[in-house]
Amino acid sequence: SSGINAEWPLRPGNRIKNVQNFDDLWEVTGRDNTTRYTWDTSANCNTGAPYKSKLRFDRIYLRKSAECRPTSFSLVGKTMLQSCDMFPSDHWGLLARFTVT
């Protein structure tokens with residue numbers, strides 16, 4: 001283990017106040033394990049990490065609402081740029097789609 005707690009936003013006393021009023025989009029769109037980890041040293045060589053680790057550092061939170069419903073969640077930036085043989089970032093990007101009524 002890297003000793004890093006990737007679940008910190010949801011723990012009591014941490015950064016998000018009234019967390020019960022928010023949805024974690026990865027969770028409410030199905031908890032697909034293929035989109036769980038946004039930082040993956042085994043798949044992304046940009047990190048330069050000498051160890052293998054997968055963590056879910058990056059998240060999208062949405063205030064619960066009847067007017068806006070998340071419909072999909074995916075990771076982006078997982079293709080190396082041919083011009084430099086690197087990924088756009090050391091974290092995968094997040095892409096969420098919504099239905100607004």
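- Phe57 is listed as a side-chain neighbour of His91, based on a closest heavy-atom distance under 4.5 Å.
- The minimum heavy-atom distance between Gly77 and Pro88, with the atom names listed, is O-CD, 3.4 Å.
- For the side chain to side chain donor-acceptor pair (under 3.5 Å) with Arg56, the lone residue among Thr38, Asp24, Thr35 that qualifies is Asp24.
- Annotation for Ile60: hydrophobic cluster partners, listed by chain and number, are Leu25, Trp26, Leu62, Phe73, Leu75, Met80, Phe87, Trp92, Leu94, Phe98 (ILVMFWY side-chain heavy atoms under 4.5 Å, direct or chained).
- Applying the salt bridge (charged side-chain N to carboxylate O under 4.0 Å, His left out) test to residues at least two apart or on different chains, the pairs with a partner in residues 61-75 are Asp23-Lys64.
- With rounding to the nearest 0.5 angstrom, the OH atom of Tyr37 is 8.0 Å from the CG atom of Leu55.
- The minimum heavy-atom distance linking Val100 with Cys68 is given by the pair CG2-SG, 4.3 Å.
- Within a 6.0 Å sphere centred on CD of Gln20, other residues, nucleotides and ligands contribute more than 12 heavy atoms.
- Panel note: side chain Thr41, backbone Tyr51; a donor-acceptor pair is recorded below 3.5 Å.
- Considering CG of Asn44 and OG of Ser89, their distance stands at 7.0 Å, rounded to 0.5 Å.
- The OG atom of Ser42 sits 5.0 Å away from the NZ atom of Lys54 when rounded to the nearest 0.5 Å.
- Sorted pairs that involve residues 72-94 and meet salt bridge (charged side-chain N to carboxylate O under 4.0 Å, His left out), not counting sequence neighbours, are lacking altogether.
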